[in-house]
Student: 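Have a look at this one.
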Amino acid sequence: MRLAPPMSIRSRREAPLAAVVILAALVLVAIFADLLAPHDPTLPVPGANVFDPPFWMEGGSTAAPLGTDFQARDILSRLIYGTRVSLIVGLMGTLVAGAIGTLMGILSGYIGGWVDQVIMRVTDAWLALPAIVFAIFLAAMIGPSMWNIIVILGAVYWTRYARVIRGEVLTLREREFVKLAEIAGASKLRIIKRHILPNVANTAMVLASLTVGVVIIAEASLSFLGVGVPPPQPAWGLMLSEARPTLLAGQWWLTVFPGVCILLIVLATQLFGDWLRVKLDPQQRNL
Amino acid sequence: MADRILEVRGLKKRFPARAGLFGRPRGWVKAVDGVDFAIHAGETLGLIGESGCGKTTTSKLILLQEPPTEGSIMFQGRDITGLAGAALMAYRRAVQVVFQDPFSSLSPRMRVEDIIAEPLEIHTDLERAAIRQRVAAVLELVGLPSDVAPLFPHEFSGGQRQRVAIARALATDTKLIVLDEPVSALDVSVRAQIINQLEHLQRTLGVSYLFIGHDLATVAHISHRIAVMYLGKIVEHADSDALCARPMHPYTKALFEAALPSHPDDRHAATAVAGEVPSAMNVPSGCRFHPRCPATMPICSQVEPVLQPRDGGGEVACHLY
Amino acid sequence: MAAFIARRILYSVVTLVILSGTIFLIVRLTGDPVLLMAEAGASTEDLARIRQQWGLDRSWAVQYVTFMQNALTGELGKSFNYRLPVSELYFQRLPNSLQLGLFATLISLLIGVPAGIVSAVKVNTWWDSIAKGVALLGLSIPGFWLGLVLILVFSVSLRWLPTSGAGDWRHVLMPAVALGWYFAASMLRLTRSSMLEVLGSEYIKLARLKGLPDVVVIAMHAFKNALIPVFTLAGVNLVVMVNAAVIIEVIFAWPGIGRLLYEGIFQRDFPLVQGVVILAGFMIVGINLVVDIAYAVIDPRIRLTR
Amino acid sequence: PYVPSAAAAAKGKIVLAWHAGFASRWLDPQEHDGTATPDNFFWALHDGLVKNQGTKLFDHPALAEKFSIAADAKSATFTLRKGVKFHNGDPITAQDVKFSYESYRGAKADVFKNRTERVEIVDAGTIRFVFKEPFLDFGILFGTSNVAAPGWIVPEKYYKQVGPDAFKQKPIGAGPYKLVRQEPGVKVEMEAFDGYYRPVHTKELVMVAVPEAATRVAMLERGEADIIYNVPGELINKVKSMKGVTLAPVLSGSFFLEFVNFQDPKNPFRDTRVREAVSLAIDRRGMNQVESGGLGKVSGNWINDDVLYALDWPEFPRNVEKAKQLLREAGYPNGFDVDWVTPLPAFYSRGERVIAQLREVGIRGRLQTMERGIFFQKLRGGLKEFPGVQLILHGVRIAGSWSFWYEAYMKCGGSNSRDRICVKELDDKFDRYEKSVNPAERKKLAEEIQRAILENHYLVPVYRHAFVNAIGPKVAAQKWQDVFPTITTGYAYPWEDLKVRD
Amino acid sequence: MSFALRAGETLGLVGESGSGKTTTCMSIVGLLPRAARIVGGSVLFEGEELTTKSQRELRAIRGRRIAMILQDPMASLNPLFTIFRQVAEPAFFHQRLRGRSLRSRVQHLLKAVRIPSPEWRMREYPHQMSGGMRQRIVGAIALAGGPSLVIADEPTTNLDVTIQAQYLDLLKDIQRETGVALIFVTHNLGIVAKMCDRVAVMYAGKIVEQAPVRELFDDPKHPYTRALLGSVPKLGNKDPLYAIPGQPPNLASLPSGCAFHPRCPEALPRCADEEPIDFHPGAGHAARCWRLDEHAAASHGRSHS
Ligand SMILES: Nc1ncnc2c1ncn2[C@@H]1O[C@H](COP(=O)(O)OP(=O)(O)OP(=O)(O)O)[C@@H](O)[C@H]1O
Ligand SMILES: Nc1ncnc2c1ncn2[C@@H]1O[C@H](COP(=O)(O)OP(=O)(O)OP(=O)(O)O)[C@@H](O)[C@H]1O
Ligand SMILES: [Mg+2]
Ligand SMILES: [Mg+2]
C-alpha cells in the first residue's frame with residue numbers, strides 16, 4: 001500500500017482572480033475619476049433632460065451613455081465619481097471601525113480586569129443601540145457629510161472587532177512568547193506593540209475585508225433614511241436610495257446601475273475576504 | 001558548587017477556585033504548598049512529578065509571573081519577591097526560561113534575530129550592530145548557523161525552534177534558565193540533540209538549570225539533583241544517582257515502577273500505585289499521598305510527614321523513615 | 001449555576017445603565033424637540049410653555065435621575081407625539097414586530113442553517129460554492145431595494161400579495177423575506193464555519209470510527225455542537241429585527257417598533273427613543289440570558305461547572 | 001338644516017394613505033400645533049364654530065349657525081346650530097364652547113389669552129368673546145384651518161373626565177366621523193357619524209401611514225388605497241398614466257430664497273443688483289415642470305395668495321444674460337462663491353437645481369443638507385448658525401394672514417428670521433400695521449411692505465409648489481377639486497363630501 | 001509499506017511525528033481526510049479487501065470488527081452527550097441492542113475498563129471524568145462492537161506516567177481476556193518494549209524495519225532503528241545520548257533514494273539515488289537498508305562512526 005503524497009490543500013489557492021480584477025478596476029476608476037468621467041457629476045448635462053434613458057434605448061443619447069437622473073445629471077459620471085465616494089466610505093469606515101475596535105479589543109483583552117469589564121459592557125450597550133440613532137446624533141453634532149458618515153459607521157461597527165480581537169488577545173496573552181517577553185522584562189506597551197498587535201493583524205485584516213461590504217450597504221441604508229452621504233455627492237448608496245421611487249415608474253436604469261456597482265464591490269470584497277480568511281486563518285474560526 | 005544561586009523557602013501559592021458572584025472564592029487550589037529547595041551555580045535541579053502537582057506554578061513564582069502567597073525566593077542571597085525598578089530588571093536579565101512548546105514560544109510575526117534580540121533591547125543599550133553580533137554569537141552557541149537570523153519561526157522545525165528559544169535565553173548573561181519540559185514536545189530523534197546541547201552549554205557557560213519534566217529517565221539523565229513533587233509539596237529530594245539507585249518515598253518508587261522499560265526483558269507487571277492524583281483543591285489530610293500509597297499506615301492519614309535526611313544524602317518526607 | 005445567572009444579571013444591569021446614559025445623552029445632544037412640536041411661527045413663550053410642560057427646562061442631571069427613577073418602576077415616560085406611556089406604545093407594536101421578527105428569523109434559519117450545513121459537509125464542492133454565492137448575494141443587496149423589487153414583482157405585477165401593512169400571513173411574507181434575506185447570509189456563514197470546526201474535531205472522528213451512519217454523525221454529533229454560536233446569533237438577530245427593522249418597516253408600512261423608533265428619532269420624541277432603545281436593550285439582555293441558559297441545557301459543561 | 005339620519009345613506013369605504021406617521025396629539029384640537037397636518041383629523045372627528053371651506057377663508061359657519069364680529073373688533077358673537085351633538089350623544093352647549101376656548105393651549109394660545117377679556121355665555125345657544133382691545137385678526141386666527149384651533153369644540157364633560165392624554169386615544173368630537181379604532185402612529189379607522197348636520201357620504205374612512213412614496217403609489221395601483229398623499233416628482237408621470245387615477249396637484253407652500261445677512265457690508269448680496277441677478281437666474285418654470293410635474297404655480301409673491309392681504313405680483317422673468325450683466329455691474333464679472341445653499345430638508349433636489357441655475361450666471365454654491373429637526377433648530381439660532389455667504393431655500397406654508405409670514409420670515413427677530421434679516425423701515429411699517437385698527441390702512445401698509453420686499457429682492461420667490469396627491473377610481477370625482485376643494489390646505493377634507501363611486 | 005498481524009497479536013508501529021503513523025491507521029479503516037487518497041496497495045482484513053469497499057460496507061466494519069482508540073482522550077469524547085450514550089452507540093447501531101440489554105452491555109464494558117460504579121458514572125458527562133478515566137472510556141467504546149482488531153493511536157501520550165502504566169496494563173489484560181489483535185501506534189520505544197510482540201519502525205511514510213520485539217531491541221538492522229534506540233535516555237546511565245543529526249524530513253519533499261540517507265551515519269553512495277528494498281536478515285525480520293545487501297556490505301562505503 002502506498003499513500004499519496006501530502007495532499008495539496010485547496011485553501012492555499014490563489015487569490016480569487018475575479019475579485020482582484022474588480023477591486024483593482026474600481027480603485028483605478030476612483031483614482032482617475034476626473035479623467036474618466038465625461039461630465040461634472042453634480043451638474044446637469046447641458047441639453048439633456050431629466051430621466052433620459054441609456055443610449056441604446058429610444059430617446060437616449062451618447063451624451064449621457066447610461067442616461068440621466070432627476071437633475072439631468074449624467075449617471076455614468078456619477079457612477080464613476082461615486083466609486084471614489086463609496087470606496088472612501090467603505091474603506092475609511094472600515095478603517096475607523098477597525099482602529100477603534102482593535103484598540104478596544106487589545107486593551108480589553110490584554111489589560112483585563114475592570115478595563116475589560118467596562119469595555120465589554122460598553123460593547124454590549126453599543127450593540128443594543130440602533131445605528132440610526134448614532135447617525136442622527138452625529139449629523140446633528142457636526143453636520144452631515146461623507147466624513148461624518150465614516151465616523152458613524154466606524155462608531156457602529158467597531159464592536160465586532162472589539163469582541164473578536166479581545167478573544168484573540170485573551171489566547172495570545174497566554175501564549176508563551178508573550179510570557180517570555182514579560183519574563184524578559186518587556187513593558188506592557190512594548191508587548192502590545194511588538195507581540196500582540198502584529199499577531200492580531202491577520203484577524204483584523206480578515207474582519208476588515210469582510211466589513212467593507214457591510215459598511216457600503218450600511219451607507220446606502222443611512223441614505224435611505226435621509227442621513228447618509230449628503231447630496232449632491234454621488235455615493236452609490238445615495239444614488240440608489242434617491243432613485244428608488246423610479247423603480248415603480250419603469251426607469252430601471254436609475255437603480256440598477258448603482259445597485260450593480262454595490263453588488264460588484266460587496267461581492268468582490270467578500271470574495272477577497274473569504275479568500276483572505278482561508279489563507280490567514282486556516283482553522284476558519286468564526287470571524 | 002557551594003554558592004547557591006537560587007534558594008526557595010516555604011514557597012506557597014494558592015489560587016482562588018471558582019469565584020462566586022462577587023469574586024468570593026469558593027475554595028483554594030493549593031498549587032504550591034510549602035516548597036524549599038536550592039540551586040547551585042552551574043548545577044541542574046530536576047523537578048519531577050505528575051501533572052498538576054505544581055511544577056509549572058513553582059517556575060512561575062520564580063519567574064515572578066505570579067506573586068507567591070507565602071515564602072521567599074532568594075536570588076544570589078537577595079529576596080526578590082518585592083523587587084522593583086533596576087533591581088527587578090537585573091533579575092529579569094539573569095533568569096530566563098524555555099518553555100515546552102517550541103511552536104508557541106516564538107512569536108510567528110517576528111524574525112528570529114528580533115526574537116533573540118528582544119532581551120538585549122530591553123536590558124542593554126547596545127548598538128544595532130553589537131546586538132546583531134551577539135545574536136550571531138548565541139546562535140552559534142546553540143548550533144545554528146548565523147545566517148538563519150533573518151528567518152521567521154515557521155521556517156524552522158521543532159528542534160530548531162527550541163534551539164532558538166535557548167539562544168534567546170542565553171542572549172543576556174544569564175545565570176539561571178528555567179526549563180519547563182523543554183523536550184517533551186520534540187521528536188524522539190531530536191530530543192537527544194537538545195539534551196546534549198543543554199549539557200554542553202552548561203559545561204561551557206556554567207549556567208544553572210531548573211529542569212522540569214515528568215519523564216524520569218530524561219530528568220535523571222540531565223540533572224545533578226532531583227526533587228520529587230507531589231500535590232504541591234516536595235516529598236523527596238536527593239542527588240540524581242542516589243535517587244535512582246534507591247528511591248525511598250513510596251511515591252518516588254511508584255514513579256520508578258511506572259517508568260517504561262528500556263528493553264522488552266525489563267517488562268514488569270501491574271504497578272503498585274493505584275488511582276489518580278487528587279485535585280489540588282481538597283488535598284488529603286496527613287500525608288497527601290496516603291490514599292494511593294501501597295504502604296499506608298494509620299498515622300499517614302493524620303500526621304503530615306516532614307522532610308528528614310535520608311540515606312545517601314537528600315531528604316524524604318515519609319513516616320516509614 | 002445560580003451564581004452564574006446572578007453574575008450575568010449584574011452585567012446586564014451595568015450594560016443597561018451604560019446604555020441608558022448613552023441614549024439619554026445622545027437624544028439630548030441632537031437638538032430641541034420643542035421646536036418640532038410647535039408650529040413654524042411659535043413664539044418663544046409658546047416654546048417655554050411646552051418645555052416646562054415636559055420637564056425639559058430642568059437640568060440634564062435632574063432629568064436623567066428622574067428618568068432612571070421612573071424607569072426602575074417600569075415607567076418609561078410618555079411619548080411627546082402619542083401622549084401614551086412609552087411602554088404601552090411599545091407593547092402595542094410588539095406583537096407586529098415579533099411576528100415580523102420571528103418570520104424573518106424563521107426564513108433566515110430555514111435558508112441559512114441547512115445551506116450552511118450542506119456547505120460545510122460538502123466543503124469545497126459546487127454545493128459549497130452555491131451556498132456561498134447565496135450568502136454573498138444576501139450581503140450585497142440593500143434591504144430597501146429588495147423590498148421595493150418584491151413589491152413591484154409580487155404586488156404590482158403579479159398581484160399575489162398585498163403591498164404593505166400588517167394582517168394575515170400574506171402581509172408578513174414580503175417584509176419577512178426582505179428582512180430575513182440579509183440575516184440568512186450571516187446565519188449561513190456562521191453555520192458553515194462552526195460546522196467546519198466541529199467536523200474537524202476528534203470526537204467526530206471517533207463517531208465516524210464507531211461506524212455510525214453519516215446522518216447520525218452530522219445531525220446528532222456535529223450539529224448539536226455547532227448549534228451554540230448559531231443560536232446566539234439567531235437570538236441577537238431576532239432582537240435587532242424586532243426592534244430596529246427600520247427600513248423594512250418603512251418600506252412595507254409595517255406597524256412595528258422600528259417605525260416607532262424611526263419616527264421618534266425624527267420627531268425628537270425623547271421619551272420614546274429612550275424607551276424603545278432601553279426596552280430593546282432589555283430584550284438583548286434577556287435574549288442573551290435565555291441563550292446562556294439554553295447553552296447550559298445543551299452543554300453539560302456549563303450546566304454543571306458554573 | 002339638521003338632517004337626523006344623514007349618515008344612514010353613507011356607504012362604502014375609503015382608504016387614505018398618508019405620507020407621514022400619525023401623532024396622537026393630532027387628534028386633540030386643544031393642542032393644535034398650528035400646522036396643516038392635524039386639520040385632517042379635526043375635520044373628520046371634530047368641528048369648529050367656523051372654518052374655512054372652499055375659497056372662503058374663515059367665515060364658513062360650521063357648528064355656528066351664524067356669527068358676527070363687532071364693528072370695533074372688540075367682541076365676536078356666535079350662535080350655535082340647533083340640535084348638534086357630540087358622538088356620544090351629548091348636545092353641544094355654549095359651555096362646551098367656553099371650555100374649549102378657555103382651556104385651549106395650542107398654537108397662538110397666548111395671543112388669545114392676552115387679548116381676551118372674557119367669554120360670555122349669552123344664552124344656551126349664544127356665546128360672545130369680549131376682547132381687551134380691538135382684535136382684528138380674531139376671525140383669521142379663530143377660524144382658519146392650519147393656524148389655531150380655539151374654535152374647535154371638545155366635550156367639556158368627557159374631556160375633563162378622561163383627561164387630555166386619554167382624550168387623544170379615544171377622542172369624542174362633533175365631526176362627521178367618529179373614531180372606531182386607532183393604532184397610534186399607524187392607522188386611524190373612522191365611521192360616519194349619523195348625527196352630523198351635513199350629509200356624510202362614505203361609511204368608513206381609514207387613514208394609514210405609509211412613509212415610503214413608492215409603496216403608496218403601489219397601494220393606489222393595487223386598489224389598496226383610494227387616495228394617496230404626496231406623490232413625489234419622480235412618480236408624477238407614472239401616476240398620471242395609471243388608469244382611473246386622477247392627480248390632485250393642490251397648490252401648497254411657497255419656495256423662496258433668503259439672502260442670509262445680506263445687509264452686511266461684506267456680503268455680495270448687499271447689492272440689490274446681485275439679488276436681482278439671482279432672481280433673474282432662477283428658472284421658475286423649469287423647476288415647476290420637473291419638481292411638480294408643471295402642476296405648481298410660478299407666482300410672483302413669496303407669500304401665498306390664499307391669505308389675507310396677500311399682494312398679487314407678476315411672475316419674475318428669467319434672463320441669464322441680464323443677470324450676468326447685473327453681476328458685472330455690481331463688480332462680479334466672474335461671479336462669486338456662496339458658502340452654502342441650504343434648502344428646506346428634504347427638498348434637496350430643489351436646492352440642487354437652484355445651485356445649477358445660479359452656476360449659469362457665475363454664482364457658485366454648495367449644497368448643505370441637514371436633518372429636518374436640525375434645520376429648524378438652526379433657523380432659530382439665527383445668524384451665528386449661518387456664517388459667511390449663505391442662501392436658504394425656504395419652503396413655507398402659513399395660513400391666515402400675510403402678516404404671519406412677515407412675522408416669521410422677514411421681521412427682525414422674527415421667529416424664524418431672527419437676526420438674519422433686519423430691514424428697519426419695513427419693521428416700523430409693520431408695527432404701524434399691527435397697531436392699526438383700520439382695515440383699509442392695514443391693507444395699504446401690508447401692500448407697501450410686500451411691494452418693497454419684492455422690488456428690492458429682499459427675498460426671491462421661486463415658485464409655489466403643488467402638493468401632489470392622487471385619487472383612485474373608487475372615489476367619485478369629476479375633477480380633483482371635488483376631493484380637494486379647500487384652499488390653504490393640501491388635504492382632502494371636508495370628509496363628509498367624499499363619495500364612493502357606485 | 002506492508003505489514004501483517006495475527007489474531008491476538010500486538011504490533012507496535014513506531015515512528016517520529018509526521019512519519020505517517022496516523023495516516024496508515026486511518027487508511028486501514030477508510031477514513032482518510034477528503035484531501036487524501038490511497039493511491040495503491042491493499043488492506044486485507046480477515047481475508048477481505050478493505051480498500052475497494054464502499055463507505056457503507058466499511059461502516060459495518062468500523063466500530064464492529066475494527067475499532068480505534070484516538071490519541072487525545074480529552075477531545076475524542078463528545079462533550080454534549082453522556083458517557084452512556086457514547087459507549088452505547090456502537091452496540092445500538094451494530095448489534096441493535098435496546099433498553100435493558102443495552103444498559104447492561106454498557107455497564108459490562110465500563111466494568112471491563114475498570115470504571116468504578118459504572119451504573120452511576122455512565123450518566124455523567126466527559127468533562128466530569130479525569131483524563132485517565134476518559135481514556136479508559138474511549139477504550140470501552142473501542143471494545144463496544146466486539147472487534148477483532150483494535151488500533152490504538154498513541155493512546156497514552158497525554159497521560160501521566162502512573163496512569164499510563166495503569167492503562168497499558170489494562171489494555172494487556174483486556175487483550176488477554178478477549179484475544180483481540182492490537183496495533184499500537186507510538187513514538188515511545190519504552191511502550192513498545194512493554195507491550196508489543198512485533199514492531200514496525202516507520203520513517204518518512206515507509207516501514208524501514210520490522211521484527212519481533214526482542215530481536216529489534218537486541219539486534220536492530222536499520223541504522224535509523226539503531227539511532228533511535230541510542231537516543232533514548234536510560235535510567236542509571238548518564239553517558240551522552242546518541243543524537244541523530246539533522247531534522248526529520250518533510251513528506252512533501254522527501255530526499256531521493258533512502259529517505260534517511262542525509263541523516264544516516266552509515267550511508268552509502270547508492271543510498272542517495274536508489275530506494276532500498278526489503279532485506280530479510282532473519283525470520284520475521286525485515287529491513288530496508290542497502291547495508292544489508294551482501295555485495296554492498298562487502299565494499300564498505302563509510303565505516304560505522
Ligand atoms: N492560574 C491558576 N488558577 C487556578 N488554578 C491554577 C492556576 N494555575 C495552576 N493552577 C492549578 O494548580 C495546580 C498546579 O498546576 P501546575 O501547572 O503548576 O502543574 P504542573 O505540575 O506544571 O502540571 P503539568 O505537568 O500538567 O504541567 C493544578 O491543579 C492547576 O489546576
Ligand atoms: N489532511 C492532511 N492534509 C495534508 N497533509 C496531511 C494531512 N494529514 C496528514 N498529513 C501529512 O501526512 C504526514 C503523516 O501524518 P500522520 O498524521 O500520519 O503522522 P503521525 O506519524 O501520526 O504523526 P504524529 O506522531 O504527529 O501523530 C504528515 O507529514 C502530515 O503533515
Ligand atoms: Mg506544567
Ligand atoms: Mg498521529
Side-chain angles (χ1 to χ4, degrees), chain B residues 48-53 156-160 183-197 199-200 214-223 240-241 244-245 251 254-279 292, chain E residues 14-19 130-133 157-166 168-170 172-173 187-197 199 203 212-218 224 227-248 250 263:
Chain B
I48 192 167
E50 279 174 289
S51 182
C53 71
F156 291 82
S157 70
Q160 288 169 324
V183 295
S184 8
L186 298 181
D187 270 329
V188 220
S189 68
V190 180
R191 272 184 203 181
Q193 294 174 2
I194 298 293
I195 288 177
N196 289 349
Q197 186 81 50
E199 288 175 340
H200 171 75
H214 50 220
D215 176 28
L216 208 58
T218 309
V219 176
H221 189 273
I222 196 172
S223 309
S240 166
D241 301 328
C244 293
Y251 178 63
L255 287 183
F256 275 88
E257 275 161 31
L260 293 166
S262 53
H263 192 276
D265 292 338
D266 298 345
R267 284 183 196 183
H268 37 233
T271 36
V273 59
E276 300 182 16
V277 188
S279 144
R292 299 173 75 194
Chain E
V14 202
E16 289 177 88
S17 183
S19 59
S130 69
M133 265 158 102
T157 24
N158 291 325
L159 300 181
D160 266 327
V161 266
T162 54
I163 314 296
Q164 167 173 288
Q166 290 167 18
L168 293 177
D169 289 339
L170 173 72
K172 268 180 144 174
D173 288 350
H187 56 245
N188 190 333
L189 284 170
I191 292 181
V192 172
K194 187 177 167 93
M195 298 289 292
C196 303
D197 304 320
V199 195
Y203 187 78
V213 66
R214 265 193 189 71
E215 207 172 316
L216 189 97
F217 274 81
D218 292 339
Y224 176 65
L228 214 52
L229 286 168
S231 67
V232 180
K234 294 181 184 62
L235 273 175
N237 179 349
K238 283 214 164 186
D239 300 337
L241 301 172
Y242 175 73
I244 310 174
Q247 306 292 334
N250 177 354
R263 304 174 74 189

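Convention: sequence-line order gives letters A, B, ...; per-chain numbering from 1.
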Student: Among the options E:I191, E:L228, E:L189, pick out the one with the most heavy-atom pairs lying under 4.5 Å from chain B.
Tutor: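 The residue among E:I191, E:L228, E:L189 with the greatest pair count is E:I191.
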Student: Under 4.5 Å heavy-atom distance to chain B, tell me which part of E:D239 shows up: side chain, backbone, both or neither.
Tutor: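 Contact with chain B is through the backbone of E:D239 alone.
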Student: Can you tell me how far the CG atom of B:D187 sits from the CD1 atom of E:I244, to the nearest 0.5 Å?
Tutor: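 Those atoms lie 9.5 Å apart.
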Student: May I ask you to name which of E:L159, E:V192, E:I163, E:L168 has the most heavy-atom pairs under 4.5 Å with chain B?
Tutor: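 Top count of heavy-atom pairs under 4.5 Å with chain B: E:I163.
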Student: Would the distance check show the side chain of B:E50 and the main-chain N or O of E:V161 forming a donor-acceptor pair, the cut-off being under 3.5 Å?
Tutor: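 No; judged by distance alone, with no hydrogens or angles, the pair does not exist.
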Student: Quick check: does any side chain N or O of B:H221 sit under 3.5 Å from a backbone N or O of E:P240, one acting as donor and the other as acceptor?
Tutor: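 Looks like no, no N/O pair under 3.5 Å.
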Student: What's the shortest heavy-atom distance between B:A217 and E:P233, and which atoms?
Tutor: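 Closest approach of B:A217 to E:P233, heavy atoms only: CB-O, 3.5 Å.
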Student: For each of E:M133, E:R214, E:K234, E:M195, tally heavy-atom pairs with chain B at distances under 4.5 Å, and name the one with the top tally.
Tutor: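 Option with the greatest count: E:R214.
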Student: Just wondering, do B:R191 and E:L241 contact through their side chains at under 4.5 Å, heavy atoms?
Tutor: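 No, side chains not in contact.
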Student: What part of B:S240 gets closer than 4.5 Å to chain E, counting heavy atoms only: side chain, backbone, both or neither?
Tutor: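 The answer is the side chain of B:S240.
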Student: Given a strict heavy-atom distance threshold of 4.5 Å, which part of B:Q197 is in contact with chain E: side chain, backbone, both, or neither?
Tutor: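 Neither part, no heavy atoms under 4.5 Å.
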Student: With a 4.5 Å cut-off on side-chain heavy atoms, are E:D160 and B:H214 touching?
Tutor: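 They are in contact (side-chain heavy atoms under 4.5 Å apart), so the answer is yes.
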